[in-house]
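Quick caveat, the model's predicted, so the values are computed rather than measured. Chain identifiers are assigned alphabetically (A, B, ...) following the order of the sequence lines, protein sequences preceding nucleic acid strands; residue numbering begins at 1 within each chain.
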Amino acid sequence: MTMTTAQKPKTDWRRTHTCGELRKKDVGASVTLNGWVHARRDHGGIYFVDLRDRYGLTQVVLGTEFKDAVKIGPEFTLSVHGKVVARDGSNVNKDRPTGEIEIIVERLEILSRSKVPPFQIDTDDEVALDTRLTYRYLDLRRPNVQKNLVHRSRFINAMRRAFEKQNFVEVETPILTKATPEGARDYLVPSRVHPGEFYALPQSPQIFKQLLMVAGLDRYFQVARCFRDEDLRADRQPEFTQLDMEMSFVEEDDIFKTWEQVLHETFRDAMGVDVAIPFPRMSWIDAMERFGVDKPDVRFGLELQEAGPWVPTCEFNVFKDAIAKGGRVKALVVPGKMELSRKDVEDTLTQIAKNSGAGGLAWWKAGKEGGVGPLARFCKGEQAAALMGQIGASEGDMCLFAAGPKNQVWRVLGDIRSHLGKRFQLTQPGTWSFTWVTQFPMFEWDADSKRWFSAHHPFTAPVDWDMGGADVDANSPKLGELFSRAYDLVMNGWELGSGSVRIHKTEVQQRIFSILGIGEEEQKRKFGFLLEALSFGAPPHAGFAIGLDRLTALSLGMDNIRDVVAFPKTTSASDLMCGAPSVVAPEQLVEVHIRTAIPPPKA
RNA sequence: GGGGACGUAGCUCAAUCGGUUAGAGUACCGGCCUGUCACGCCGGUGGUUGCGGGUUCGAGUCCCGUCGUCCUCGCCA
């Protein structure tokens, strides 16, 4: 809604939430209001209507002069000219602007009539998602959803300002680009001019921003749309937005400092929240050992404890076998006051453990006399006290043990820890806890295809440029022990973004490609332009990208990114509003040289 | 690709052990009401219970399939 008064200049609706909101000081002023109107009931010839601005913040009751107005539909768009008057003082609700003042209407013009809406727009009642998404443009009229988009806009603008203040240059990179092997599945676009050839939509602007570093734009950023043809989740849409950046002649520290400053200013300017900087840092291995995940929610303790040293003193073969096979035994000590029952452990938690790949969960209610639980008979005499000392448990604490390969132990206890955090509400809403997680593994072995994959991406620099020596070939298991200069930014248990120091030397890049099973020929075909670019004296560089949808959702306390995206897709990646994807005319296919038989559309 | 939950009026939901004419609130339409702000009162329209098949004397309810939405595992360099 726009509002003009004699005293007040026209307000830019993008700048303020309160523009359009009628206040007591406006009494006596002449106004023009344009907005959505939800007509209430006909009341003896008077129409009482709520005028709602585009943020849904203003509700105005029209005064008695409105009684001659024509009858109108349930929702419509209109323009009202009138005089603002104070209502009878005895009937004012002091807590809300609505009702305090009203407009005596001099002229009313219906700009646009409305059909009966498919759901009630003037309430925040729950409506089925598919209905909301089919009529997203009506859903967006609802105050709660709309304010998310306003918040998002503020966030993006604040970030842009913060980057520009640090002399970053925003550069747009192509949306029609080249398919990249590895990583996520590409969305492909057939070329009309080149029969049988395809563009791909970018999974990220990664290579382009590295080329910008070679080009000498040593402080780049971009609000970048990215596309990944993978299954959706609450925190994942097939297209999403990154705040992407890259810098030259820098290392981890410089990236961290830049982002800490940017995020500090963003939260301050967009939300008035003072985020403490610098953010704590933690190596990946510490994150895994202490929290069992690479995106730990550090707002609560309940850290994983090492039980290994105690194992040789006991007779529990499951634990001994795990250690003998090179695995680990770790524990989660749940304070007695959290009141975790035997049933909780044996039902809920055991189920979580099984979902996480464990055979089971050993539990022990700590006690100096041997405690209670399946583990109790292995905790005779001194052993009980020794175990309590080893894992830091007190009398009455519920201790949960996982044994096996370290990845599995981390996973099981990490999942259970996260469950307990939610269950016992160990986190406070409205807190923002950032952590840098550094030094991720360089490679991960894929048992199915029997080859190494990059844990981050193939352009990530190893911590050790020499990668443990020249004798490391693509078959060496040693590759699994190498660390990279990749880092993530984690907030409240969510991965917000990731980045790395990049490889800027052609030889190193070629070697990484070889380890990943990309032969010389293939390297040339797929990444020739990058390798050649690196050969022209590429500066050392590093970068980072943050998921804007996730950041916006989290900052609003939401756990689904759907409502910070104007037109989101469903879990089956379709757009219910416009009906995408859809069948196209055969002529269109012929034009782009696709002759494959198209399966008939679903019934 | 796998697992789970859900699908009943425009919307939000109910319907007992499988039982006879599928209800309520709201919305919508009509009537009454000049100070409402979830206005009130009276009346009315509105349903192939997502779709297809099966079991049964009888299915919204049970079974199978299918479609859709949500959550999740795999996947997301």
Checklist entry - Checking all strands, does L516(A) fall into the base, sugar-phosphate, or nothing category for heavy-atom contacts under 4.0 angstrom? => result nothing
Checklist outcome for this item: To the nearest angstrom, the CG-P distance between N560(A) and rC70(B) comes to 9 Å
Item to check | Interatomic distance at C1', rC6(B) relative to rG50(B), whole Å | outcome: 12 Å
Item to check | From rC73(B), rC71(B), rC11(B), nucleotide with atom closest to A234(A) side chain | outcome: rC71(B)
Checklist entry - NZ of K115(A) versus C1' of rC11(B): gap in Å, rounded? => result 15 Å
Next on the checklist: Of the options rU26(B), rC11(B), rU72(B), whose atoms approach the side-chain atoms of Q120(A) most closely?
Outcome noted: rU26(B)
Checklist entry - How far does the P atom of rC33(B) sit from the matching atom of rG46(B), given to the nearest Å? => result 28 Å
Checklist entry - Taking a pair as Watson-Crick or G-U wobble with both distances under 3.5 Å, which nucleotide is matched to rG43(B)? => result rC29(B)
Checklist entry - Considering only the P atoms, how many Å lie between rG31(B) and rC67(B), rounded to the nearest integer? => result 48 Å
Checklist entry - Taking CZ from F119(A) and C1' from rC11(B), how many angstroms apart are they, rounded to a whole number? => result 9 Å
Checklist entry - Mapping A455(A) and S574(A) to their closest nucleotides on RNA chain B, which lands nearer the 5' end? => result S574(A)
Item to check | Watson-Crick or G-U wobble partner of rG18(B), both distances under 3.5 Å | outcome: none
Next on the checklist: At 4.0 Å (heavy atoms only), tell me whether S572(A) reaches a base, stays on the sugar-phosphate, or touches nothing.
Outcome noted: sugar-phosphate
Checklist entry - Reckon P118(A) touches a base, only the sugar-phosphate, or nothing at all at heavy-atom distances under 4.0 Å? => result sugar-phosphate
Item to check | Inter-nucleotide C1' distance (rU8(B), rU61(B)), Å rounded | outcome: 11 Å
Checklist entry - Can you tell which of R525(A), K524(A), K526(A) makes a side-chain hydrogen bond (donor to acceptor under 3.5 Å, both in side chains) with E522(A)? => result K526(A)
Checklist entry - Over how many whole Å does the gap from R236(A) atom CZ to rC71(B) atom P extend? => result 11 Å
Checklist entry - Can you tell me the Watson-Crick or wobble partner of rA38(B), both distances under 3.5 angstrom? => result none
Checklist entry - rC17(B): syn or anti, with syn meaning chi within 90° of zero? => result syn
Checklist entry - Once each nucleotide of nucleotides 44-49 of chain B is scored for protein heavy atoms under 4.0 Å, what B/S/- sequence comes out, 5' to 3'? => result ------
Checklist entry - Can you check the D575(A) CG to rG68(B) C1' distance for me, whole Å? => result 15 Å
Checklist entry - Is the side chain of Q242(A) donor-acceptor paired with the backbone N or O of S204(A) at a distance under 3.5 Å, no angle test? => result no
Checklist entry - Using purine N1 to pyrimidine N3 plus N6-O4 or O6-N4 for Watson-Crick, or N1-O2 and O6-N3 for G-U wobble, each under 3.5 Å, what pairs with rA24(B)? => result rU12(B)
Item to check | Candidates rU12(B), rU69(B), rC73(B) - which lies nearest the side chain of R233(A) | outcome: rC73(B)
Item to check | Rounded P spacing from rU12(B) to rC73(B) in Å | outcome: 27 Å
Next on the checklist: Test your reading of the model: is there a side-chain donor-acceptor pair from S500(A) to the backbone of R502(A), 3.5 Å cut-off?
Outcome noted: no
Checklist entry - Of all the nucleotides listed (rC75(B), rC76(B), rC11(B)), which has the minimum atom distance to the side chain of D231(A)? => result rC75(B)
Item to check | Rounded C1' spacing from rC63(B) to rG18(B) in Å | outcome: 13 Å
Checklist entry - With no hydrogens and no angle check, is any side-chain donor or acceptor of T131(A) less than 3.5 Å from a backbone partner on V127(A)? => result no
Next on the checklist: With rounding to the closest Å, how many angstrom separate the C1' atoms on rC71(B) and rC28(B)?
Outcome noted: 35 Å
Next on the checklist: Does T571(A) reach a base, just sugar-phosphate, or nothing at all? Heavy atoms under 4.0 Å.
Outcome noted: base
Item to check | F440(A) ring center near Y487(A) ring center (under 6.0 Å) | outcome: no
Checklist entry - Given that both distances must come in under 3.5 Å, which nucleotide forms a Watson-Crick or G-U wobble pair with rA5(B)? => result rU69(B)
Checklist entry - Among D186(A), L176(A), I175(A), whose side chain to side chain contact (heavy atoms under 4.5 Å, CB included) with Y199(A) holds? => result L176(A)
Item to check | Whole-Å gap separating P (rC70(B)) and CD (E126(A)) | outcome: 14 Å
Checklist entry - In terms of the nearest nucleotide of RNA chain B, which residue is placed more toward the 5' end: L232(A) or F459(A)? => result L232(A)
Checklist entry - Separation of H419(A) atom NE2 from rC71(B) atom P, in whole Å? => result 20 Å
Checklist entry - Heavy atoms under 4.0 Å, any strand shown: does T134(A) hit a base, just sugar-phosphate, or nothing? => result nothing
Checklist entry - Are the side chain of R236(A) and the backbone N or O of D231(A) linked by a donor-acceptor pair below 3.5 Å? => result yes
Checklist outcome for this item: Testing rG68(B), rC71(B), rC11(B) for proximity to the side chain of D130(A), the answer is rG68(B)
Item to check | R562(A) side chain near rC71(B) phosphate (N/O to OP1/OP2, under 4.0 Å) | outcome: yes
Item to check | Separation of the C1' atoms in rU49(B) and rU21(B), to the nearest angstrom | outcome: 15 Å
Checklist outcome for this item: To the nearest angstrom, the CZ-C1' distance between R550(A) and rC76(B) comes to 9 Å
Checklist outcome for this item: Residue set satisfying ring pair (Phe, Tyr, Trp, His ring centres under 6.0 Å) with F221(A), at least two apart, ordered chain then number -> F163(A)
Next on the checklist: Would D244(A) and K209(A) count as a salt bridge (Lys or Arg N to Asp or Glu O under 4.0 Å) here? Give the steps.
Outcome noted: CA-CA 9 Å; D244(A) 188 56; K209(A) 67 177 176 174; 2.7 Å; yes
Checklist outcome for this item: Against the side chain of V116(A), the closest entry in rC70(B), rA27(B), rC75(B) is rA27(B)
Checklist entry - F544(A) and W436(A): aromatic ring centres closer than 6.0 Å? => result yes
